[in-house]
Number of protein chains: 2
Amino acid sequence: MTVTIREIAKHAGVSRGTVDRVLNDRPGVKPEVRDRILEIVNELNYVPNIAAKALAYQKKPVTLGIVMPPKEIVFFELIRSGISSASEELKDLGVRLEYRYVDNKRPEEGAAAIRELVEIGVSGIMFSVMDDELIRESINYAAQKNVPVVTFNSDVEDSKRVCFVGQDLHKSGVVAAGLMNRVLPAEAKVVILTGNLKFHAHRARVEGFKQGLKSSGGSLQVERVIEGFDRYEDTYAQLNQTLSEHADISGIYMATGDTDACLEVIKLHRKEGKIRVVCNDMLPSVEQGMRDRMIDFTIVQNPERQGYLSLRLLFDLVFAGKQPEMEHYFTETHIYIPESL
Amino acid sequence: MTVTIREIAKHAGVSRGTVDRVLNDRPGVKPEVRDRILEIVNELNYVPNIAAKALAYQKKPVTLGIVMPPKEIVFFELIRSGISSASEELKDLGVRLEYRYVDNKRPEEGAAAIRELVEIGVSGIMFSVMDDELIRESINYAAQKNVPVVTFNSDVEDSKRVCFVGQDLHKSGVVAAGLMNRVLPAEAKVVILTGNLKFHAHRARVEGFKQGLKSSGGSLQVERVIEGFDRYEDTYAQLNQTLSEHADISGIYMATGDTDACLEVIKLHRKEGKIRVVCNDMLPSVEQGMRDRMIDFTIVQNPERQGYLSLRLLFDLVFAGKQPEMEHYFTETHIYIPESL
DNA sequence: ATGAAAGCGCTAACAT
DNA sequence: ATGTTAGCGCTTTCAT
């Protein structure tokens, strides 16, 4: 027999209303009664019935806030589709979603969005904006107001967010190294392209790659690590220079940065098909590069799942009181080749 | 405003009971009334509320049947874990699962299981047993009794199953060819290992591989296609012979078959690390082979997702009347290398 | 501080 | 053939 709120009430010799108050941390219950009820709840191993809760919430649905970049940011497209799947499943379950689209490079917008969502009374927040002190403060403010925050895609470290769902950037790099090792001959020379090594997120892949090369006992040489600062021109100029100076470069790991710039330089040097290219993510430019057979591999970390899982975790937490089991949920690392498309 | 059964009743000038009868195809409604109600249902775009249904079904849950191999068949482990995730989500939603474990090489067991489940009154069935005429008949029998069947992992073609969830075997082969092409030099010789070319499932990967080699304009040569009939000895003997006769084999595509036999032969010929090996699936023997760096790649088709999706589709169908959108749901093709583990 | 009762949308048993 | 009603387990409002 599944144990209901009614059973608890009977055991405790109180009404269902009182039990409900205790279970939902509502005021107006004598501490000793509260304790006794909680004891019984534990003893009987009570678990709330989702369907019943959902039905009761129909009139005044629980609201979950989502803060992320707007539709124009194509990188988030698949994450959005994962969120959609989850929200489809939750459609009838007494949940409403409240979106706030912000520039994910503008911490102040993200921080403000969190506070606003807390003000309007959301029960939980999904959040993806570049890490920053302002944001940390907002997240902690939400936490203190009992509004749990799940970060996704990019984490806000040392904040009071309940968990993070995203990529294992270091592992991307390790896997990229494994691929290079298999497609290039011994002693071959490779170049790493990244954005800005000051950012942890950019550094992690590069470090993973280097470590991967080492630990696999490979003999590949990293000729240079280029910081392109996510700009076409910088990337183009530096890579161009490098390829000019080193005609024997046979692999490029595009850890972070402008794919188009990279491919243009390869064309300029007439190295199509001669230089092996490993990328990350499946942006339109990467997909095109694969179709054109200029990119050999791209490493992807299940963005749909990031979206789906974050929302699901948040729902389970606020609706069933189910605490996330981990602090970091890393989505699986997958490898694509042109034939995978 | 979401439209409820009550609204429909009001519009039609009947009671909620009658509407319920119509919506659930229960007898005892005058045809003209039924038609009128259905019209209104369409017009108002009525969608049943899952939470309410689930709650009402608490006492007498809807039962879904699952026919698949028992725990000993390790291949299904991940599929099972996907089923578990889905059933976790559906726990409170008025659904009960009824398992029948059968040898998936024994169609008569599978066919009997379907009939039995239909007899005991399940509302839908998930099914995975090798294709066979007996099974086709059972599935059609179930369909005729209004019990939808979703096949997963291996399809039962030309049957009245509502849809199939599983791998795109042909694509596995194409992707394998893409990998071989990237890691082997031009003109290299490869061997294909399969089970029994009489089986469509075994043939599909082999054909995909060959076609992949061709269409990518590669120059690799398929030296031989070995049928190992899923037996260690046959595989061992034939591969051994082939490697003895052709010292220049530099790639093996393990489309289907006994991985251990394959690896043993490679060791025997001291070709560890010299012959590139591409496998399918992530069986324990494959995983071990990767850790030992004897297998370079394995191609996997999201078995968890197969389990999850099949159950979810079945639930949506019987619970919300949502017809599957496709007849074939192919799970995504993923590539793993040792560093992915 | 606590109890009682109505209601969320749907099903099913019982009436008519 | 159709209407009425009592739940399903939880929330919430209104009494006490």
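Note on naming: letters A, B, ... go to the chains in the order of the sequence lines (proteins, then strands), and numbering restarts at 1 for each one.
- Note: B/Tyr308 and A/Tyr308 have perpendicular aromatic rings, judged against thresholds of 30 and 60 degrees for the angle between ring planes.
- Both B/Val29 and B/Ala56 lie near DNA chain D, and the one whose nearest nucleotide falls closer to the 5' end is B/Val29.
- A/Asp20 comes within contact range of at least one nucleobase, with a heavy-atom separation under 4.0 Å.
- If you check every strand for non-hydrogen atoms under 4.0 Å, A/Tyr46 touches sugar and phosphate atoms only.
- Look at CD on A/Gln58: it is 13 Å from P on D/dT12, rounded to the nearest Å.
- For the pair A/Arg80 and A/Glu77, the salt-bridge criterion is not met [side-chain N within less than 4.0 Å of a carboxylate O].
- Of the two residues near DNA chain D, A/Tyr57 and B/Pro31, the one whose nearest nucleotide lies more 5' is B/Pro31.
- Computed from coordinates, the A/Lys53 NZ to D/dT11 P distance equals 5 Å when rounded to whole Å.
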Using the rule given for side-chain contact (heavy atoms from CB on, under 4.5 Å), can you reason through A/Arg312 versus A/Leu90, listing the C-alpha separation, both sets of side-chain angles and the distance that settles it, and then say yes or no? CA-CA 9 Å; A/Arg312 195 78 217 184; A/Leu90 302 179; 3.7 Å; yes
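- The terminal axes of the helix from C/dA1-D/dT16 to C/dT16-D/dA1, fitted over 5 pairs per end, subtend an angle of 50° to the nearest 10°.
- Comparing A/Pro27 and B/Arg21 against DNA chain C, the residue whose closest nucleotide sits nearer the 5' end is A/Pro27.
- Taking only side-chain nitrogens and oxygens, B/Asn24 comes nearer than 4.0 Å to OP1 or OP2 of C/dT11.
- Nearest heavy-atom pair across A/Ser138 and A/Ala111 is OG-O, 3.0 Å.
- Nucleic acid contact for B/Arg26: sugar-phosphate only, since backbone atoms but no base atoms lie under 4.0 Å from a heavy atom of the residue.
- In terms of phosphate contacts, B/Ser15 brings no side-chain nitrogen or oxygen within less than 4.0 Å of OP1 or OP2 of D/dT4.
- In this structure, A/Ile37 places its CD1 atom 11 Å from C1' of C/dA1, rounding to the nearest Å.
- Regarding B/Ile5, its CD1 atom lies at a distance of 19 Å from the P atom of D/dC8, rounded to whole Å.
- Between D/dT11 and A/Lys60, no contact under 4.0 Å exists linking OP1 or OP2 to a side-chain N or O.
- Between A/Glu7 atom CD and D/dC8 atom P the separation is 12 Å, expressed in whole Å.
- When the C1' atom of D/dT4 is taken as reference, atom NZ of B/Lys10 falls 17 Å away, rounded to whole Å.
- Within the 4.0 Å cut-off from OP1 or OP2 of C/dT11, not a single side-chain nitrogen or oxygen of B/Lys59 is found.
- Across D/dG9, C/dT11, D/dT2, the shortest atom-to-atom separation from the side chain of A/Thr4 is found for D/dG9.
- If you check the side chains of B/Gln306 and B/Asn153, you find a donor sitting under 3.5 Å from an acceptor.
- Within the structure, the ring pair (Phe, Tyr, Trp, His ring centres under 6.0 Å) test picks out the following pairs touching residues 57-87 of chain A (sequence neighbours left out): A/Tyr57-A/Phe319.
- C/dA12 atom C1' lies 14 Å from atom CG of B/Leu55, rounded to whole Å.
- Shown here are the salt bridge (charged side-chain N to carboxylate O under 4.0 Å, His left out) partners of B/Arg96, two or more places apart in sequence or in another chain: B/Glu98.
- Atom CD1 in A/Ile8 sits about 13 Å away from atom P in D/dG9, given to the nearest Å.
- Distances shorter than 4.0 Å separate none of the side-chain N or O atoms of B/Lys30 from OP1 or OP2 on D/dA1.
- Between B/Glu327 and B/Arg161, at least one side-chain nitrogen of the basic residue sits less than 4.0 Å from a carboxylate oxygen of the acidic one, meeting the salt-bridge criterion.
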